[in-house]
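Numbers restart at 1 for each chain; the letters A, B, ... are given by sequence-line order, proteins then strands.
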2 protein chains.
Amino acid sequence: MLTIGQLAAHAGVTAKAIRVYHAKGILPEPERDASGYRRYGAQAIIDLTRIVTLAQAGVPLARIPGTLDADADRFGQEIAQIESELRTRIRELEQRRARLRHLDQPHRLCLPPEAIEYMERVRVIGLSERHEHAIRDGFILSYALAPDITRIILPARTALLDDTEYVAVLRAYDDAIEWAPDDPRLEKIADAAARIAERMTMVSDLPDFDQVSPETIDLLSGHVGIESAAWDRLDELLHERLVPGRDAPTTAIGEM
Amino acid sequence: MLTIGQLAAHAGVTAKAIRVYHAKGILPEPERDASGYRRYGAQAIIDLTRIVTLAQAGVPLARIPGTLDADADRFGQEIAQIESELRTRIRELEQRRARLRHLDQPHRLCLPPEAIEYMERVRVIGLSERHEHAIRDGFILSYALAPDITRIILPARTALLDDTEYVAVLRAYDDAIEWAPDDPRLEKIADAAARIAERMTMVSDLPDFDQVSPETIDLLSGHVGIESAAWDRLDELLHERLVPGRDAPTTAIGEM
DNA sequence: CTTGATCTTGCCCTTGGGGCAAGGCTGCAC
DNA sequence: GTGCAGCCTTGCCCCAAGGGCAAGATCAAG
């Protein structure tokens with residue numbers, strides 16, 4: 001006959017855990033010896049081992065008596081279900097382990113595959129970190145606010161990166177961040193941007209355009225988180241060129 | 001900008017979890033809007049996603065800031081360590097899943113491989129369930145009390161099962177459980193048992209015999225949990241035959 | 001204007017034990 | 001026999017990581 005400590009050591013749990021199982025009625029209280037010590041026999045070893053096996057498989061203690069006391073039919077079903085839950089948990093853990101590798105690359109954690117590809121392609125262009133993060137953060141926000149729209153927009157955006165003139169404009173914007181708003185070079189950048197914008201798809205061509213909030217459209221224009229007087233001025237110059245008659249023009253996809 | 005509910009849904013957690021992360025200082029409190037609502041931006045999405053990625057990988061919340069704020073060197077080490085812990089946990093879960101299959105066969109859960117093999121071989125002999133469980137429970141108790149001794153004894157015990165006369169005696173004991181203690185057939189059984197015992201290894205031949213408690217030796221004789229007047233009488237008859245001069249004879253391994 | 005969903009803070013509840021206190025046993029050494 | 005270390009007993013509070021509910025403010029839509 002075993003004491004509680006011997007039983008616990010043999011089952012790989014603590015004596016406290018066994019007392020908890022007694023208190024919850026999961027494991028019957030054994031006989032006491034003359035001095036009040038619990039004394040366990042073979043059946044207690046069997047019962048405890050079954051309990052521990054289930055508990056370690058993630059079964060809540062409250063569910064264990066129902067499982068162990070079930071008749072053969074239901075017992076089999078219960079075990080099969082517990083096994084399948086456990087398989088699911090293992091698969092989840094494996095996926096979570098895979099995600100750990102990307103912990104230092106926020107875009108890989110927070111964006112859908114299309115956007116990850118886009119950001120990888122932007123990276124090789126070699127913009128400033130600040131500009132790249134601004135683009136990334138715009139996508140992260142717009143993906144959180146309107147995942148569907150964001151994913152619809154992405155293929156066209158990615159295709160644009162094959163356009164050397166577009167990439168040149170991106171680089172020019174990058175250079176211009178710190179310029180004064182009256183810098184004369186801004187005119188040339190705005191000219192180039194306007195030429196591109198004219199042959200680009202407009203946001204208003206999207207299906208369900210009327211359901212896209214103005215905020216999302218702003219986000220997709222890529223100016224999130226950068227305060228630049230030169231860029232503000234570039235917005236004005238671009239608007240002049242694109243829609244001379246209006247003062248609140250439609251934003252082009254990929255404008256920037 | 002997102003509300004707490006939008007952020008939570010996007011990150012796959014509850015709003016309450018986010019408030020907990022704020023309270024623990026893991027995720028910085030964001031700005032509030034005019035009515036006191038929390039408003040989250042892209043950086044909060046990134047931060048939360050990193051936190052959730054670690055938390056779901058099983059990292060305790062208290063350890064998360066230290067991991068995320070570490071410099072590149074330590075960060076890499078931390079991630080590698082977390083990954084390896086996670087791998088270990090996954091392997092453990094797979095082993096636990098395997099054990100679930102044996103939940104209805106106590107000997108497979110509670111005994112070492114040698115004893116499992118022994119019990120499988122006893123099963124095909126076709127003893128009564130009661131007798132078989134008595135043998136099993138004896139091993140379970142002795143394995144819990146003295147695992148080393150029990151495993152040392154097992155090969156000889158298993159070899160005995162190849163002895164047809166020994167198996168015949170086992171079956172005779174099984175038949176005799178309910179007999180009256182003065183049943184004349186008991187004499188023949190005791191004769192056969194004595195012939196076997198004489199050519200068997202004695203417990204006293206074991207290395208470290210003096211460290212084996214008498215209780216363990218009793219357990220290994222296989223009478224655990226069965227109250228049978230006939231068996232008690234068989235014990236007496238056997239002792240007469242084996243050690244006529246003594247009244248407390250050494251128990252033979254495999255006596256039964 | 002109402003209604004239902006969402007936000008705020010604050011508080012207690014849960015699971016599966018861990019840890020400590022204060023006292024009683026036990027077994028071994030001296 | 002006397003110590004003393006190590007085990008056992010009960011009872012109590014504590015922990016992580018939220019869940020749930022209350023009571024009130026706010027928002028969005030019909």
Would you check if the side chain of B:R97 reaches a backbone N or O of A:L86 as a donor-acceptor pair within less than 3.5 Å?
no

Find the distance B:H22:NE2 to D:dG18:C1' and express it as a whole number of Å.
15 Å

Can you tell if the side chain of B:I226 reaches within under 4.5 Å of the side chain of B:R130, non-hydrogen atoms only?
yes

Thinking salt bridges, do A:R157 and A:E114 make one under a 4.0 Å N-O criterion?
no

For residues 6-14 of chain A, which residues have at least one heavy atom under 4.0 Å from DNA chain C?
A:T14

Please find out if less than 6.0 Å separates the ring center of B:H22 from that of B:Y40.
yes

For a quick test of reading the model, state the closest non-hydrogen atom pair linking A:G58 to A:R89 and the distance between them.
CA-NH1, 3.8 Å

Would you say B:R99's side chain and B:L109's backbone share a donor-acceptor pair under 3.5 angstrom?
yes

Let me spell it out: for each of A:Y37 and A:Y21, pick the nucleotide of DNA chain C with the closest heavy atom. Which residue's pick is nearer the 5' end?
A:Y21

Hey, does the side chain of A:S35 come within less than 4.0 Å of D:dT9's phosphate (OP1/OP2), counting only N and O?
no

Are OP1 or OP2 of D:dT10 and a side-chain N or O of A:R32 less than 4.0 angstrom apart?
yes

A:M1 CE to D:dC8 P, straight-line distance once rounded to whole Å
14 Å

May I ask you to check whether A:Y143 and B:H10 place their ring centres under 6.0 Å from each other?
yes

Would you kindly compare B:K24 and A:I4 by the position of their nearest DNA chain D nucleotide and give the one closer to the 5′ end?
A:I4

Nucleotides bounding contact with chain B, strand DNA chain C, heavy-atom threshold 4.0 Å:
C:dT6 to C:dC11

Under 4.0 Å, counting only non-hydrogen atoms across every strand here, what does A:R19 touch: a base, just sugar-phosphate, or nothing?
base

Atom CZ of B:R38 to atom P of D:dT26: distance rounded to whole Å?
15 Å

A:Q81 and side-chain hydrogen bond (donor to acceptor under 3.5 Å, both in side chains): which single residue from A:E85, A:E78, A:Q77 fits?
A:E85

Regarding D:dG18, can its base be found pairing with the side chain of B:K16 as donor and acceptor, where the two atoms are less than 3.5 Å apart?
no

Pair B:E83 + A:R101, salt bridge at N-O below 4.0 Å:
yes

Please answer whether the main-chain N or O of B:L103 pairs with a side-chain N or O of A:R50 as donor and acceptor at a distance below 3.5 Å.
yes

Ignoring hydrogens, what is the shortest heavy-atom contact between B:T49 and A:C110? Give both atom names and the distance.
OG1-SG, 3.5 Å

Length of the CG-P vector between A:D33 and D:dC8, whole Å:
11 Å

Under 4.0 Å from any atom of DNA chain D, heavy atoms only: list the residues of residues 50-69 of chain A that qualify, in numerical order.
none

